[in-house]
Amino acid sequence: MIDIKPSKADAYKFFHEGVLAFNRAEEQGLRIDLEYCERVQKELSEEIKTILKGFYQTRFYKDWNRSTKGKPNINSNSQLGHYLYKVKKLEPPKTTETGQGSTDEEALESFDIPEIKDLLRVRKLKKIRDTYLKGFIKEQVDGYIHPNFNLHTVRTFRSSGNSPNFQNIPKRDKEAAEVCRKALFARPGNHLVEVDYSSIEVCISACYHKDPNMIKYIEDPESDMHGDMAEQIFFLDKLDKSIPGHKTLRSAAKNGFVFPQFYGDYYGNNAPALACGWGGLPENKRWGKGQGVEREPDLFLSDHLRKNGIRSLRSFTEHIKKIEHHFWNQRFPVYNQWKEDWWNEYQAKGYIDMYTGFRCSGIMSRNDATNYPIQGTAFHCLLWAFIKLDKVIRKMRLKTRLIGQIHDAIVLDVPPDELKKVSKILKKVMVDLLVKEHDWIIVPMAIEMDVGGPGESWNELKPYEMK
DNA sequence: GGAACTCGCCAC
DNA sequence: AAACGTGGCGAGTTCC
């Protein structure tokens, strides 16, 4: 069978159109509340000052100060590392790429030294103040920022962003997300809208490996891959879906096992991450009674695991090793075989081709070779929709503006009287047309939309019923 | 005094 | 046998 794919020329034309569409979005930009940014910067500076005032009085700081040749600097992680690991001779919980004792949040938290908690708090506040608020102010012109989107910087042919980077504004950390996103708005009276593809990398991976079990998970709305993995990992039965801890355990399975496995991680890293996810680690290599999330009233997860013969990280790791084997050999064997075949093909040819006509060459690891096509192609779905939407919106002379993009999501500025119409166009273009015009998309695609009220910030978006 | 590097941390 | 993919950016540090 002849495999018809877009050519490199098509890929070039596609990115050329993408650059133009992104450029129009950059020109639009989004509104920032400059006064808010400046006020919060000052408030953060005050809080930092107060924390440091106390910190400078501590024995911890004075010892550090004495042991450092030259000017002491509390922003210097190399000084902190020197003090903790050379002067105080603490054992580094982990090391960096270059073999130095790590001073990241996870490493520092393991010490339970109150002064270090202050330093971590300061680090977090400075991140918000200096990377985000300061970045917005720096790039602001007449109350608008114009984030840049690039198509020429990424090995996988994804996009990147800068000045400011619109693609890494805090979201998971509630405090940081609120402070940063409260600065950003649609035009006065308009809705800020964010529409994203659901699990797009999982869908696109299925288009490559065509694993029937994975396709079933995608097609059946009643099925739940992460829920199933949580059941298997934590010895839960079906009834457990109604218990309060289920949500925690499901997201532990999703973020501690399933996604890392898809990126090429292994059980040895998954087990400690999972144990953190339910609250059994890192303090205890062996867990006692009454630890972790409550599985049901008076039955904690540590007790539940003990009942199933898992009393320590060691036995939990063995358990996860078996689950990994099952995951790739029983649950998704076709995906597993595809990874093997794909890797062999790369080794034979020296490059990999995507459905979208792009070719990645150069030295790649096993994980690279299987991750790149999925990551790139997933983004190309978004880009295809972005280009199409840009055309449709202009042709229809709508006042709605495309203003940015975050790999699998599009951000728009929408007047109230266009909201309903735009939500229909989004569904039509991002789902119906995308699938119709790409014959290699063999699974259903889905989108979700969040909308802010008129005049509300990016922090206030709520789910929107698209119908 | 700037380029290049390291580290940490934000996003998907 | 080996062992998590892609970026940007601020601050500190080192090199020239």
Side-chain angles (χ1 to χ4, degrees), chain A residues 68 70-82 94-108 119-120 122-136 138-139 147-173 175-177 179-181 194 196-202 204-205 255-271 273 320-321 324 339-340 343 360 364-379 382 404-409 411:
Chain A
T68 304
K71 252 205 321 242
N73 181 347
I74 59 110
N75 295 323
S76 167
N77 289 325
S78 63
Q79 281 188 22
L80 176 60
H82 177 264
K94 58 178 185 175
T95 57
T96 67
E97 196 63 38
T98 56
Q100 301 298 306
S102 170
T103 56
D104 71 7
E105 185 176 6
E106 192 195 335
L108 294 185
L119 286 177
L120 286 172
V122 168
R123 205 185 259 179
K124 179 182 164 182
L125 297 175
K126 283 193 172 181
K127 176 88 177 170
I128 297 169
R129 186 190 65 180
D130 297 338
T131 300
Y132 297 106
L133 298 180
K134 199 170 140 191
F136 297 159
K138 182 178 160 197
E139 299 295 339
N148 282 264
F149 297 97
N150 311 305
L151 287 174
H152 65 286
T153 62
V154 183
R155 305 156 71 98
T156 61
F157 299 101
R158 241 197 193 184
S159 67
S160 69
N162 63 281
S163 305
N165 185 349
F166 190 64
Q167 298 180 318
N168 73 348
I169 296 168
K171 189 169 190 179
R172 291 175 203 125
D173 181 303
E175 186 190 19
V179 172
C180 297
R181 287 169 186 250
E194 187 169 352
D196 69 299
Y197 282 108
S198 319
S199 315
I200 192 167
E201 291 199 1
V202 175
I204 296 306
S205 81
N255 301 315
F257 182 81
V258 179
F259 282 160
Q261 283 286 336
F262 285 161
Y263 285 134
D265 203 1
Y266 86 118
Y267 66 89
N269 289 331
N270 298 152
I320 300 304
K321 183 179 179 177
E324 181 189 274
K339 289 201 296 183
E340 197 57 33
W343 168 242
C360 295
M364 283 178 234
S365 72
R366 215 186 171 88
N367 288 339
D368 291 341
T370 48
N371 281 327
Y372 286 6
I374 296 167
Q375 193 185 92
T377 306
F379 168 68
L382 188 286
Q405 156 273 135
I406 312 165
H407 306 302
D408 69 348
V411 178

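For the numbers below, each heavy atom of this structure counts, side chains included, while hydrogens, waters and symmetry mates do not. Residue numbers begin at 1 in each chain, while the letters A, B, ... track the order of the sequences.
Proximity of T103(A) to R123(A): side-chain heavy atoms (C-beta onward) are separated by under 4.5 Å at one or more points. Contact check for T68(A) versus N73(A): no side-chain heavy atoms found under the 4.5 Å cut-off. Taking the side chain as every heavy atom from C-beta outward, N367(A) and Y263(A) never approach each other to under 4.5 Å. Inter-residue side-chain proximity for R366(A) and K339(A) is flagged as unmet; no heavy-atom pair is nearer than 4.5 Å.
Within 4.0 Å (heavy atoms only), Y372(A) reaches sugar-phosphate atoms of the nucleic acid but no base atom. When heavy atoms are screened at a 4.0 angstrom cut-off, Q100(A) is found touching the sugar-phosphate backbone but no base atom. If you check every strand for non-hydrogen atoms under 4.0 Å, G264(A) touches sugar and phosphate atoms only. Here Q79(A) lies in heavy-atom contact (under 4.0 Å) with sugar-phosphate atoms only. Using a 4.0 Å heavy-atom distance criterion, P260(A) is classed as a base contact.
Nearest nucleotide to the N168(A) side chain, out of dG5(C), dG7(C), dG12(C): dG7(C). Minimum atom distance to the side chain of N269(A) is reached by dC4(C), of the listed dC4(C), dC12(B), dT13(C). In this structure, the nucleotide among dG8(B), dT13(C), dC4(C) sitting nearest to the side chain of S76(A) is dT13(C). For R172(A), whose side chain is taken as the heavy atoms from C-beta onward, the closest listed nucleotide among dC9(B), dG12(C), dC12(B) is dC12(B). Minimum atom distance to the side chain of S102(A) is reached by dG8(B), of the listed dG8(B), dG8(C), dC9(B). Picking from dG8(B), dA11(C), dG10(C) the nucleotide with the shortest atom distance to the side chain of N77(A) gives dG8(B). Distances from the side chain of K134(A) to the nucleotides dC4(C), dG8(C), dA11(C) place dA11(C) closest.
Listed by residue number, the members of residues 152-167 of chain A with any heavy atom below 4.0 angstrom from DNA chain B are R158(A), Q167(A).
An OP1 or OP2 oxygen of dC4(C) is reached within less than 4.0 angstrom by no side-chain nitrogen or oxygen of Y266(A). One finds no side-chain N or O of T131(A) lying less than 4.0 angstrom from the OP1 or OP2 phosphate oxygen of dC9(C). In terms of phosphate contacts, S365(A) brings no side-chain nitrogen or oxygen within less than 4.0 Å of OP1 or OP2 of dG5(C). The shortest distance between the side-chain N/O atoms of Q375(A) and the OP1/OP2 oxygens of dG7(C) is not below 4.0 Å. Side-chain nitrogen and oxygen atoms of K171(A) include at least one within less than 4.0 Å of the OP1 or OP2 phosphate oxygen of dC12(B). For T103(A), a side-chain nitrogen or oxygen approaches OP1 or OP2 of dG8(B) to under 4.0 Å.
Heavy atoms of other residues, nucleotides or ligands lying less than 6.0 angstrom from NZ of K126(A) number more than 12.
Between K126(A) atom NZ and dC9(B) atom P the separation is 14 Å, expressed in whole Å. The interatomic distance linking E139(A) (CD) with dG8(C) (P) rounds to 14 Å, in whole Å. One can place CG of D265(A) at 8 Å from P of dG5(C), the figure rounded to the nearest angstrom. Here the P atom of nucleotide dA3(C) and the CZ atom of R366(A) are 11 Å apart, to the nearest Å. One can place CD1 of I374(A) at 19 Å from P of dC12(B), the figure rounded to the nearest angstrom. Summarising the geometry, the separation between CD on Q405(A) and C1' on dT6(C) is reported as 13 Å, rounded to the nearest angstrom. Straight-line distance from the CG atom of D130(A) to the P atom of dC7(B): 21 Å, rounded to whole Å. Distance CD (Q261(A)) to P (dA3(C)): 15 Å, rounded to an integer number of Å.
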Next item on the list: Could you check Q261(A) against N270(A) for side-chain hydrogen bond (donor to acceptor under 3.5 Å, both in side chains), going step by step and ending with a plain yes or no?
Entry: CA-CA 8 Å; Q261(A) 283 286 336; N270(A) 298 152; 2.7 Å; yes
Next item on the list: Show your reasoning for whether salt bridge (Lys or Arg N to Asp or Glu O under 4.0 Å) applies to R158(A) and E201(A).
Entry: CA-CA 12 Å; R158(A) 241 197 193 184; E201(A) 291 199 1; 3.4 Å; yes
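Checked against F379(A) for a side chain to side chain contact (heavy atoms under 4.5 Å, CB included), the options I374(A), L151(A), T156(A), I200(A) give a single hit: L151(A).
Judged by distance alone, with hydrogens and angles left aside, K127(A) brings no side-chain donor or acceptor close enough to the base of dC10(B) to form a pair under 3.5 Å.
Applying the side-chain contact (heavy atoms from CB on, under 4.5 Å) test to K94(A) and every residue at least two apart in sequence or in another chain returns S102(A), D104(A), E106(A), A107(A).
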